[in-house]
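Side-chain atoms are counted along with the backbone in the values below, which use heavy atoms only and exclude waters and symmetry mates. Counting starts at 1 for both ligands and their atoms, in listed order.
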Amino acid sequence: MYRLAVLISGNGSNLQAVIDAVSDGTIPNAKVELVISSREGVYGLERAKKHGITSNVIDRHDSKKQFEALEDHKIDGIVLAGYLSLLPPDVIKKYNRRIINIHPALLPMFGGKGFYGIRVHQAALTAGVKFTGATAHLVELDYDTGDTLIRSVVPVLEGDTAEILQKRVLEAEHKILVHAVKALTENKIDELVKKPITLIREEDKESIIEFAQGFNKLYGALTEADNGEL
Ligand code: GRF
């Protein structure tokens with residue numbers, strides 16, 4: 001049984017996606033053993049309680065307490081699910097290549113310090129991108145770096161506000177996070193690192209193909225010259 005710790009700072013919908021995937025067997029032979037929140041009173045803590053999962057509120061800088069909790073619960077791997085801080089370097093080193101983060105954009109775009117929550121989506125709208133998405137990746141010592149495991153492409157639609165976009169991206173996050181956590185618990189992370197998966201939701205396919213065709217009209221000759229085929 002693979003013992004997961006999920007770290008949160010807020011609503012915990014990604015935590016819920018992992019809990020649900022464990023309980024419906026999508027992620028077999030695993031258990032959400034521990035939830036650590038960097039903030040008091042957040043809804044993610046209620047979710048943990050509802051599912052009988054031990055939870056602790058631990059200051060984001062307190063690596064000693066984080067270690068104690070992780071070791072007491074014999075944690076095998078860590079999921080950062082809307083955890084809004086960097087983990088202390090010693091924790092990252094100890095759980096090297098066993099920590100996954102979910103980020104609400106296609107990294108390296110709109111990632112790094114200051115890109116969190118609604119700001120990520122505001123930045124995507126301000127930049128005028130046609131597509132954004134979500135990335136599940138391994139955690140390294142800096143924000144939003146580390147090998148990509150799975151990404152999902154999500155279109156930015158006419159009339160989107162940052163809130164509407166956030167909601168669409170969040171649904172994609174839930175899906176790819178579950179995939180990535182499953183790979184973590186089955187020791188298949190290296191396979192994903194070698195060949196990251198890009199998911200496109202059924203309902204997004206049409207607009208992505210339309211965009212690609214328009215792009216191809218503009219840049220087709222260049223693409224053909226580059227690789228000989230399309
Ligand atoms: C998600 O967009 C996550 O990617 C980001 O913070 C948000 C948290 O959502 N880092 P939730 O707490 O999982 O609902």
Side-chain angles (χ1 to χ4, degrees), residues 4-23 26-27 32 34-51 53 55-58 60 78-87 92 99-125 129 131-140 142-156 160-182 184 196 198-199 201 204:
L4 291 163
V6 182
L7 274 57
I8 61 167
S9 300
N11 178 44
S13 68
N14 279 293
L15 162 66
Q16 189 69 54
V18 176
I19 292 173
D20 292 346
V22 167
S23 55
T26 306
I27 304 176
V32 180
L34 175 68
V35 169
I36 297 178
S37 173
S38 60
R39 292 182 178 164
E40 302 265 6
V42 295
Y43 187 59
L45 288 167
E46 291 296 316
R47 296 182 195 263
K49 195 169 162 199
K50 208 166 123 200
H51 292 275
I53 302 166
S55 63
N56 289 330
V57 178
I58 302 180
R60 65 201 181 99
I78 300 173
V79 183
L80 305 185
Y83 188 68
L84 296 179
S85 311
L86 276 183
L87 276 179
I92 296 180
I99 311 175
I100 288 174
N101 183 44
I102 180 78
H103 184 77
L106 291 173
L107 289 173
M109 274 192 292
F110 314 122
K113 199 167 164 54
F115 284 105
Y116 59 87
I118 199 75
R119 290 172 182 220
V120 177
H121 307 290
Q122 273 156 355
L125 289 179
V129 293
F131 293 96
T132 180
T135 309
H137 63 94
L138 281 177
V139 170
E140 298 279 346
D142 205 354
Y143 280 106
D144 301 328
T145 58
D147 291 321
T148 290
L149 304 171
I150 306 185
R151 55 175 91 80
S152 179
V153 181
V154 176
V156 179
D160 270 356
T161 59
E163 289 74 18
I164 294 172
L165 186 56
Q166 182 177 44
K167 200 161 161 262
R168 192 177 308 123
V169 170
L170 195 57
E171 284 170 22
E173 288 180 45
H174 297 160
K175 285 196 186 145
I176 63 172
L177 184 62
V178 166
H179 268 267
V181 174
K182 182 169 154 63
L184 177 72
T198 301
L199 287 185
R201 300 183 309 170
D204 297 337

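Shown here are the salt bridge (Lys or Arg N to Asp or Glu O under 4.0 Å) partners of D20, two or more places apart in sequence or in another chain: there are none. Take K175 and apply the salt bridge (Lys or Arg N to Asp or Glu O under 4.0 Å) test, not counting sequence neighbours, and it matches no residue.
Around ligand 1, the residues contributing at least one heavy atom under 4.0 Å from the ligand are N11, G12, S13, N14, G82, I102, P104, L170, E173.
Distance alone, capped at 3.5 Å, is enough to place a donor-acceptor pair between the T135 side chain and the L107 backbone. Of the possible donor and acceptor atoms, one in the side chain of H103 sits under 3.5 Å from a partner among the backbone N and O of F110.
For the salt bridge (charged side-chain N to carboxylate O under 4.0 Å, His left out) condition, no pair includes a residue of residues 39-49, sequence neighbours left out.
Remark: H179 NE2 is loosely packed, at most 12 non-hydrogen atoms of other residues, nucleotides or ligands lying under 6.0 Å away.
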